[in-house]
Amino acid sequence: KLTPALGIGAFAQKTLVHAGQCTKVDPTADPAVVGLLGCGVMAGLGAAVNTGNVGRGDSVTVIGCGGVGDAAIMGSRLVGASKIIAVDRDRRKLAWARDLGATHTIDASHVDVVAAVQELTDGFGTDVVIDAVGRPETWMQAFYARDLAGTVVLVGVPSPDMRLDMPLLDLFSHGGALKSSWYGDCLPGRDFPALVDLYQQGRLPLEKFVTERIKIDEVEAAFQRMRTGDVLRSVVIL
């Protein structure tokens with residue numbers, strides 16, 4: 001039996017949703033682009049702007065540069081972060097991250113992430129670190145890669161069996177804030193129209209997330225390209 005994701009998703013030509021699950025946006029905007037606000041882009045951008053409160057002049061590290069992580073990078077750039085460090089194990093994703101606003105990149109397959117972030121920040125770490133992966137290893141990297149009074153934002157979703165084991169004294173002594181970001185802490189009625197306006201003004205390059213436009217009978221092949229990291233987002237056009 002198949003069920004729609006969150007009660008609204010479906011690989012079908014038509015689906016029924018409650019009016020409360022809909023948000024009006026400018027009808028002249030490209031629906032293939034602004035439709036991405038309905039999930040990954042909003043989750044990542046909101047993790048930076050809403051949950052992490054990234055502001056002008058702040059330093060940010062984003063761990064995991066898929067669609068959610070890159071959206072966090074784009075959001076950090078939008079609000080004027082001065083240093084945006086992208087972390088991933090895939091060079092292609094690091095290149096995408098630079099294109100979307102990262103000022104520095106770290107290849108986690110070759111270097112110690114915490115040490116590399118500290119080297120780029122005079123030993124302090126960044127003001128905000130966003131974990132867009134959601135694994136114990138990446139969360140601990142985020143924890144130790146932030147400034148002592150910094151903020152860790154977990155937006156990557158862990159699996160139910162994952163556990164974290166670390167010294168409780170470190171949690172006490174490092175201070176700062178540890179936050180989880182559910183869907184970027186967004187209010188769709190507030191955030192969606194504003195982000196669509198920014199996109200249409202050319203200030204928010206949402207179109208860069210659309211790697212390909214596909215037909216509904218091409219979704220299986222698109223899932224395979226997603227698994228191999230060949231796309232940021234495949235958009236189904238009906």
Side-chain angles (χ1 to χ4, degrees), residues 33 36-37 39-52 54 58-79 81-121 125-146 150-158 180-181 183-184 195 204-212 222-235:
V33 175
L36 296 178
L37 292 174
C39 194
V41 168
M42 187 68 249
L45 191 149
V49 177
N50 295 336
T51 316
V54 175
D58 283 346
S59 58
V60 183
T61 298
V62 177
I63 301 175
C65 298
V68 173
D70 280 350
I73 288 168
M74 184 175 64
S76 298
R77 180 182 183 181
L78 175 70
V79 297
S82 61
K83 182 172 291 185
I84 305 171
I85 303 171
V87 180
D88 205 284
R89 301 171 66 88
D90 188 325
R91 291 185 179 181
R92 294 172 301 174
K93 292 183 178 181
L94 291 174
W96 291 338
R98 275 198 178 274
D99 186 44
L100 287 163
T103 58
H104 301 78
T105 58
I106 295 172
D107 186 340
S109 65
H110 288 86
V111 300
D112 179 277
V113 171
V114 175
V117 171
Q118 290 174 340
E119 184 177 349
L120 291 169
T121 56
T126 52
D127 298 309
V128 180
V129 184
I130 298 166
D131 177 5
V133 178
R135 294 187 57 85
E137 308 94 295
T138 53
W139 190 92
M140 290 181 70
Q141 287 173 343
F143 180 86
Y144 291 108
R146 64 174 178 150
T151 299
V152 173
V153 177
L154 174 63
V155 65
V157 182
S180 297
S181 183
Y183 191 32
L195 294 175
L204 192 68
L206 294 176
E207 71 283 352
K208 292 184 178 182
F209 285 84
V210 182
T211 308
E212 59 181 4
F223 274 128
Q224 183 57 37
R225 288 190 289 275
M226 181 183 70
R227 293 185 189 101
T228 56
D230 294 330
V231 297
L232 271 179
R233 288 291 183 266
S234 301
V235 179

(message) If you apply the rule side-chain contact (heavy atoms from CB on, under 4.5 Å), what do you find for Arg233 with Val210, and how did you get there?
(response) CA-CA 5 Å; Arg233 288 291 183 266; Val210 182; 5.8 Å; no
(message) Please check if the number of heavy atoms outside Arg92 that lie under 6.0 Å from its CZ is greater than 12.
(response)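 It does: Arg92 CZ has more than 12 such atoms within range.
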Quick one, [X] and [Y] - any side-chain contact, counting heavy atoms below 4.5 Å?
X	Y	answer
Met74	Lys208	no
Leu204	Leu45	yes
Met42	Leu195	yes
Val41	Leu206	yes

I need the [X] [atom1] to [Y] [atom2] distance, nearest 0.5 Å.
X	Y	atom1	atom2	value
Asp131	Ile63	CG	CD1	5.5 Å
Asp58	Ser82	CG	OG	7.0 Å
Gln118	Asp112	CD	CG	8.0 Å
Thr138	Leu154	OG1	CG	7.5 Å
Lys93	Asp230	NZ	CG	9.5 Å

[X] versus [Y], closest heavy-atom pair with distance:
X	Y	value
Leu100	Asp70	CD1-CB, 3.5 Å
Ala108	Val113	CB-CG2, 3.7 Å
Glu207	Val33	N-CG1, 3.7 Å
Val62	Ala72	CG2-CB, 4.1 Å
Ala97	Ile73	CB-CD1, 3.6 Å
Ser234	Glu212	OG-OE2, 2.6 Å

(request) List for me each residue that meets side-chain contact (heavy atoms from CB on, under 4.5 Å) alongside Leu120, sequence neighbours excluded, and say none if there are none. (result)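 Leu120 satisfies side-chain contact (heavy atoms from CB on, under 4.5 Å) with Ile85, His104, Ile106 once adjacent residues are dropped.
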Taking [Y]'s backbone N and O only, do any of them form a donor-acceptor pair with [X]'s side chain (distance below 3.5 Å, no angle check)?
X	Y	value
Thr126	Arg146	no
Asn50	Gly184	yes
Thr103	Ile84	yes

(request) Could I get the full list of ring pair (Phe, Tyr, Trp, His ring centres under 6.0 Å) partners for Phe143, not counting sequence neighbours? (result)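 If we apply the ring pair (Phe, Tyr, Trp, His ring centres under 6.0 Å) test to Phe143, skipping adjacent residues, the hits are Trp139, His174.
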(request) Go through the steps for Val49 and Leu78 under the test side-chain contact (heavy atoms from CB on, under 4.5 Å), then give the verdict. (result) CA-CA 9 Å; Val49 177; Leu78 175 70; 5.5 Å; no
(message) Applying salt bridge (Lys or Arg N to Asp or Glu O under 4.0 Å) to Asp127 and Lys83, what does each step give before you reach the verdict?
(response) CA-CA 10 Å; Asp127 298 309; Lys83 182 172 291 185; over 6 Å; no
(message) With side-chain contact (heavy atoms from CB on, under 4.5 Å) as the test, pick out the partner of Leu94 among Asp99, Val87, Asp107.
(response)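 It is Asp107, the one option of Asp99, Val87, Asp107 that forms the side-chain contact (heavy atoms from CB on, under 4.5 Å) with Leu94.
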